[in-house]
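Here the structure is laid out as structure tokens; the discussion comes afterwards.
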2 protein chains.
Amino acid sequence: MNLKELSNRLGLSPTTVSRALNGYPEVSERTRKRVMDAAAQYNYSPNSRAKRLATGRAMTIGHLLPMSKEHEMVNPIFSDFIAGAGRRYAEEGYDLMLTVVRDEDEAETYRDLATRGAVDGVVLHGPKTNDPRITTLTSLGLPFVVHGRSSNVPTEYNWVDVNNRRAFERATSLLLDLGHRRIALVNGLAELDFAMRRGAGYSDALQARRIAVDEDLISHGEMTETYGYARTRALLRAPCPPTALILSSIIPAIGARRAISDAGLEIGKDVSVVVYDDDLSYFRNDGDVPTYTAARSSVRYAGRRAADMLLDTIANPTASKRHLLLEAELTIGQSTGPAPEMRRYLDQG
Amino acid sequence: MNLKELSNRLGLSPTTVSRALNGYPEVSERTRKRVMDAAAQYNYSPNSRAKRLATGRAMTIGHLLPMSKEHEMVNPIFSDFIAGAGRRYAEEGYDLMLTVVRDEDEAETYRDLATRGAVDGVVLHGPKTNDPRITTLTSLGLPFVVHGRSSNVPTEYNWVDVNNRRAFERATSLLLDLGHRRIALVNGLAELDFAMRRGAGYSDALQARRIAVDEDLISHGEMTETYGYARTRALLRAPCPPTALILSSIIPAIGARRAISDAGLEIGKDVSVVVYDDDLSYFRNDGDVPTYTAARSSVRYAGRRAADMLLDTIANPTASKRHLLLEAELTIGQSTGPAPEMRRYLDQG
DNA sequence: ATGCATTTCCAAAACGCTTTGGATTTCCCA
DNA sequence: TGGGAAATCCAAAGCGTTTTGGAAATGCAT
């Protein structure tokens with residue numbers, strides 16, 4: 001069943017039927033009703049491909065899922081971000097197109113999406129410092145929103161980000177307040193912009209208390225359970241181990257817990273742990289007292305807001321660039337407590 | 001730059017240019033080369049929307065990401081499955097379209113995708129027993145592949161599944177061999193077909209040893225960390241706690257570990273744990289000795305094979321239905337050991 | 001040189017929709 | 001009962017490809 005056939009059955013022209021269905025005012029309500037009913041009856045909906053050709057709009061938003069050859073990992077936060085964004089797309093009649101791509105092909109893929117006219121806009125994930133993809137997308141003239149920010153990019157661009165620096169500054173301060181002085185930072189890959197910002201927040205807090213930053217306590221890696229385990233284990237075996245850890249995601253924190261437990265230590269007592277919590281749907285860190293003390297910000301919500309921003313950009317292409325900085329909330333859970341020395345002091349008191 | 005403009009510059013007809021680019025034999029190699037070069041120079045690639053209208057093919061595969069209102073969780077294995085499947089789509093020139101949908105709208109969405117002609121086929125996730133979606137898709141005539149199987153569906157359909165029953169039968173047998181007699185099963189949601197099969201495998205193994213199935217040891221839930229924690233905690237506090245646990249995913253196993261640790265017990269010694277491991281990219285359970293004893297089967301590989309199957313079905317629509325049953329491998333890790341009573345016996349020996 | 005098969009290319013139709021620019025009808029008021 | 005405005009509808013021209021059905025040019029053997 002297509003438009004021509006439907007209009008034949010109704011004894012109307014395709015023009016009128018099309019207008020009736022798309023809510024144009026040039027058609028009487030009586031006719032519109034008749035058309036709508038017939039469309040429902042024959043289960044007609046306009047062919048996407050034809051519609052998109054005629055309107056010149058793809059009605060599709062693209063997301064690239066880049067996979068590197070060495071560590072071919074899918075970012076675990078990706079699915080929750082997509083869930084948030086995709087819900088909005090669906091509500092607005094947009095489709096979501098996901099392209100799994102080797103990361104060396106990423107720029108080429110953006111170019112391809114643009115010239116093919118396959119999407120009306122894209123979301124850029126995991127920006128690095130001075131990310132070249134931003135320049136690429138800008139020059140392609142393809143509307144886009146960055147999830148995160150990229151330092152040192154000369155041009156303006158749309159972004160939705162969390163105040164990572166402040167979140168980690170606050171997390172570090174919390175541990176300092178508890179008497180911890182040797183605090184390890186288990187951070188994301190060094191080239192990622194958010195990791196850089198988090199590192200800066202951590203350093204800020206230490207320096208505000210005149211505590212030197214010990215590079216041995218800082219590490220960068222992919223946010224896997226294995227990485228969290230290996231790194232924590234190494235830290236605890238060092239000559240002068242930290243009394244507290246800050247981890248950039250809840251996934252490596254799972255590994256950290258395992259390493260702490262393996263070492264015969266207790267989390268929240270012998271070793272304090274603060275995590276950055278993206279509020280992943282399968283790993284809710286809530287309850288009366290959350291398992292982990294955490295700086296929390298819902299990545300799903302970020303996805304929703306990024307979608308809003310992108311759709312708005314597509315609708316108003318000439319408007320100035322949009323920015324949204326979300327704040328993480330710091331919630332106390334079971335994984336933090338006074339530093340061991342402090343604990344002895346308190347016990348005496 | 002479109003086809004007409006390109007052909008103008010070349011002094012050729014659109015027909016010839018189109019044929020040259022699409023590798024048809026009616027064009028001389030010399031002309032083809034000239035066209036290809038010009039296309040590269042002007043960075044031309046055919047407009048997807050027009051191409052798809054003309055060919056009548058969407059060149060797109062659909063995946064639905066259903067989200068229920070109560071427990072709005074994204075299945076953590078989804079992203080790895082997509083990564084595997086999406087890679088194949090990209091290689092074959094297909095796009096991947098993801099639709100985030102409230103699960104009560106799922107059937108309606110399939111119908112819409114079909115009538116709109118938005119996709120050439122879909123992958124069905126998380127089939128329940130006698131899943132109505134299979135009937136819907138069959139009647140729509142939309143090619144599809146099920147990731148998993150659905151019992152009691154009268155018609156034939158394509159599927160890629162793991163031999164869940166055997167995997168759980170073997171996992172249970174392993175624990176029985178180690179002397180465990182009270183083995184808990186922490187399973188997925190009861191309505192999911194794979195949970196049913198896993199339960200059957202578990203029961204098979206017990207009954208083969210003439211051990212009665214204790215319903216109190218079996219539970220169903222969503223595979224979150226929180227669920228694994230709560231359930232394990234409850235089990236360990238019961239009057240007659242199990243000495244071993246089998247968990248349907250590595251995610252609740254994380255919670256189980258936490259509960260065991262909280263109870264002052266040691267995993268692999270006081271309590272044995274076997275997990276079903278989907279080989280998630282951010283939670284690799286490998287190393288010299290894996291953390292968990294596990295029945296492992298890569299969900300990413302399953303995604304790739306499902307994609308193969310679907311593309312093949314689209315190319316040969318009349319062929320008979322295809323099935324692929326993958327076997328999980330059972331690998332011994334650090335989380336299992338002899339049952340405590342057995343251990344005492346062995347220690348004496 | 002001639003005839004025939006190949007090679008090489010093209011004009012025009014088709015895909016299914018939207019949208020432009022009228023044409024026709026209806027309505028309202030003087 | 002006109003006349004103009006408003007309401008209602010339509011024919012036809014796109015949108016940018018692919019594909020059908022030839023036409024012209026070339027190559028080869030005679």
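Each chain gets a letter, A, B and so on, in the order its sequence line appears, and its residues count up from 1. The figures that follow rest on heavy atoms only: side chains count, while hydrogens, waters and symmetry mates do not.
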### Query
Can you tell me if the side-chain N/O atoms of T16(B) get under 4.0 Å from OP1 or OP2 in dC10(C)?
yes
### Message
Is there a side-chain contact between L137(B) and V122(B) in this structure, where contact means two heavy atoms from C-beta onward sitting under 4.5 Å apart?
### Response
yes
### Summary
Winner on side-chain proximity to R19(B), out of dT19(D), dC17(C), dC9(D), is dT19(D)
### Query
Atom NZ of K51(A) and atom C1' of dC15(D): how far apart are they, to the nearest Å?
15 Å
#### Entry: Gap between atoms OH and P, on Y24(A) and dA7(D) respectively (whole Å)
18 Å
### Query
Rounded to the nearest Å, what distance is computed from the CE atom of residue M59(B) to the P atom of nucleotide dT17(D)?
16 Å
### Query
Atom NZ of K4(A) and atom P of dA13(C): how far apart are they, to the nearest Å?
14 Å
### Task
Check whether any side-chain N or O of N22(A) sits under 4.0 Å from OP1 or OP2 of dT18(C), and answer yes or no.
yes
### Query
Out of dC15(C), dC9(D), dC17(C), which nucleotide sits closest to the side chain of L3(A)?
dC17(C)
### Task
Map T31(B) and A50(B) onto DNA chain C by nearest heavy atom, then report which one ends up closer to the 5' terminus.
T31(B)
### Query
From dT19(C), dC17(C), dC15(C), pick the nucleotide closest to the side chain of A54(B)?
dC15(C)
### Query
Under 4.0 Å between a side-chain N/O of Y44(B) and OP1 or OP2 of dG16(D), yes or no?
no
### Task
Could you work out which one of dG16(C), dT8(C), dT8(D) sits closest to the side chain of L53(A)?
dG16(C)
### Any S18(A) side-chain nitrogen or oxygen under 4.0 Å from OP1 or OP2 of dT19(C)
no
### Task
Report the distance from atom CG of L10(A) to atom C1' of dC10(D), rounded to the nearest whole Å.
15 Å
### Query
For the base of dT19(C), is there a side-chain donor-acceptor partner from T55(A) under 3.5 Å away?
no
### Message
From C-beta outward on S13(A), which listed nucleotide comes closest to its side chain: dC10(D), dA12(C), dG16(D)?
### Response
dC10(D)
## Note on the structure
When P14(B) and P25(B) are each assigned the nearest nucleotide of DNA chain C, the 5'-most assignment goes to P25(B)
#### Entry: Distance, rounded to the nearest Å, where Y42(A) contributes OH and dG16(C) contributes C1'
19 Å
### Task
For residues S150(B) and Y157(B), determine if any side-chain heavy atom of one lies less than 4.5 Å from a side-chain heavy atom of the other.
yes
### Query
Taking atom types as modelled, is there a side-chain donor on S18(B) or T15(B) under 3.5 Å from an acceptor on the other?
no
#### Entry: Whole-Å gap separating P (dT17(D)) and CZ (R49(A))
16 Å
### Message
Quick check for you: among dT19(D), dT19(C), dT8(D), whose closest atom lies nearest to any side-chain atom of T15(A)?
### Response
dT19(C)
### Task
Using only heavy-atom distances, determine whether the side chains of S13(B) and S7(B) contain a donor-acceptor pair under 3.5 Å.
no
### Query
Does NZ or CZ of R300(B) lie under 6.0 Å from the centre of the six-membered ring of F81(B), at an angle within 45° of the ring axis?
no
### Task
State, yes or no, whether a side-chain contact exists between L65(A) and F78(A) at a heavy-atom distance under 4.5 Å.
yes
### Task
Please state how far atom CG in N8(A) lies from atom C1' in dA11(D), giving the value in whole angstrom units.
14 Å
### Query
Among dA11(C), dG16(C), dT8(C), which nucleotide sits nearest the side chain of N2(A)?
dG16(C)
